[in-house]
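Worksheet: one structure, shown below.
Labels below follow one simple rule: chain letters A, B, ... track the order of the sequence lines, proteins then strands, and each chain is numbered from 1. Worth knowing before you read on, the calculation uses all heavy atoms, side chains too, and leaves out hydrogens, waters and symmetry mates.
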2 protein chains.
Amino acid sequence: MGRRGRVVLRRIEDRVRRGICFRKRLAGLEKKAEELAVLCDAHVGFVVLSCSGDDANPHHFAAPATYAPILS
Amino acid sequence: MGRRGRVVLRRIEDRVRRGICFRKRLAGLEKKAEELAVLCDAHVGFVVLSCSGDDANPHHFAAPATYAPILS
DNA sequence: GCCACTATAATTAGGAT
DNA sequence: TATCCTAATTATAGTGG
């Protein structure tokens with residue numbers, strides 16, 4: 001079980017594996033973005049769009065400004 | 001040496017440590033964003049703004065559309 | 001398909017130089 | 001201070017249910 005090798009930076013051709021990877025890594029990116037925002041007092045926003053139809057929805061994230069408001 | 005404990009999701013108050021963390025995690029976020037884009041054939045873009053003046057520059061990232069063009 | 005598990009890779013906080 | 005190192009934590013690909 002578990003990861004068998006290092007990450008090879010190349011499109012995953014298998015649709016099922018690519019879709020699973022997409023969902024797991026999207027969740028991971030969101031967690032990392034929130035940690036950066038909170039730990040380091042930053043505003044972070046991102047947008048992710050699947051190009052191969054693995055996910056029809058556009059995804060976005062914004063670190064809530066309430067952590068450290070810059071306005072008013 | 002090395003990390004001494006789990007991540008506590010709270011603003012790092014020490015300016016020096018926060019700045020170091022900001023730079024390291026910004027680099028980490030960019031790497032994760034690029035991996036998501038390439039492995040899973042997605043468009044990914046983000047913006048990061050330091051709120052506490054640890055970094056005067058706004059940072060942005062965009063996964064090059066050349067990986068999997070959706071236009072034309 | 002989802003969820004849980006877990007072996008392994010990857011990240012990173014703090015120390016070393 | 002700026003890298004570099006690495007212990008320890010965290011992320012995740014594959015598996016099983």
**Asked** Quick one: D14(B) CG to dG14(C) C1', roughly how many Å, whole number?
**Response** 12 Å
**Prompt:** Separation of D54(A) atom CG from dC2(C) atom P, in whole Å?
**Reply:** 12 Å
**Request:** Identify whether any heavy atom of V8(B) sits under 4.0 Å from a base atom; if not, whether one sits that close to sugar-phosphate; answer base, sugar-phosphate or nothing.
**Result:** nothing
**Complete:** Heavy-atom nearest pair, D54(A) first then R23(A), reads O-NH1, 4.5 Å
**Message:** Please confirm whether the shortest side-chain N or O distance from K32(A) to OP1 or OP2 of dT10(D) is below 4.0 Å.
**Reply:** no
**Prompt:** Roughly, in whole Å, what's the span from CG in L9(A) to P in dA10(C)?
**Reply:** 11 Å
**Fill in**
Scanning both residues in full, the closest heavy-atom pair of V7(B) with L39(A) reads CG1-CD1, 4.1 Å
**Message:** Could you check whether any side-chain heavy atom of F46(B) comes within less than 4.5 Å of a side-chain heavy atom of K32(B), counting everything from C-beta outward?
**Reply:** no
**Message:** Measure CZ/R6(A) against C1'/dT12(D) and give the value in whole Å, please.
**Reply:** 16 Å
**Request:** Measure across R18(B) and E13(B) and return the closest heavy-atom pair with its distance rounded to 0.1 Å.
**Result:** NH1-O, 3.2 Å
**Asked** Taking the side chain of M1(A) as its heavy atoms from C-beta onward, which of dA10(C), dT15(D), dA13(C) lies nearest to it?
**Response** dT15(D)
**Prompt:** To the nearest 0.5 Å, how far apart are SG in C40(B) and NZ in K24(A)?
**Reply:** 11.5 Å
**Request:** Evaluate the side-chain proximity of D55(B) to V48(B): yes if any heavy-atom separation is below 4.5 Å, no if none is.
**Result:** no
**Between P of dA10(C) and CG of L36(B), the distance in whole Å** = 16 Å
**Interatomic distance, R3(A) CZ vs dT15(D) P [rounded to whole Å]** = 14 Å
**OG on S50(B) to CG on N57(B), rounded to 0.5 Å** = 10.0 Å
**Message:** Among residues 18-30 of chain B, which ones have heavy-atom contacts with DNA chain D below 4.0 Å?
**Reply:** none
**Prompt:** Between atom CG in L39(B) and atom P in dT12(D), what is the gap in whole Å?
**Reply:** 10 Å
**Request:** Would you kindly give the CZ-to-C1' distance between R4(B) and dG14(C), to the nearest whole Å?
**Result:** 7 Å
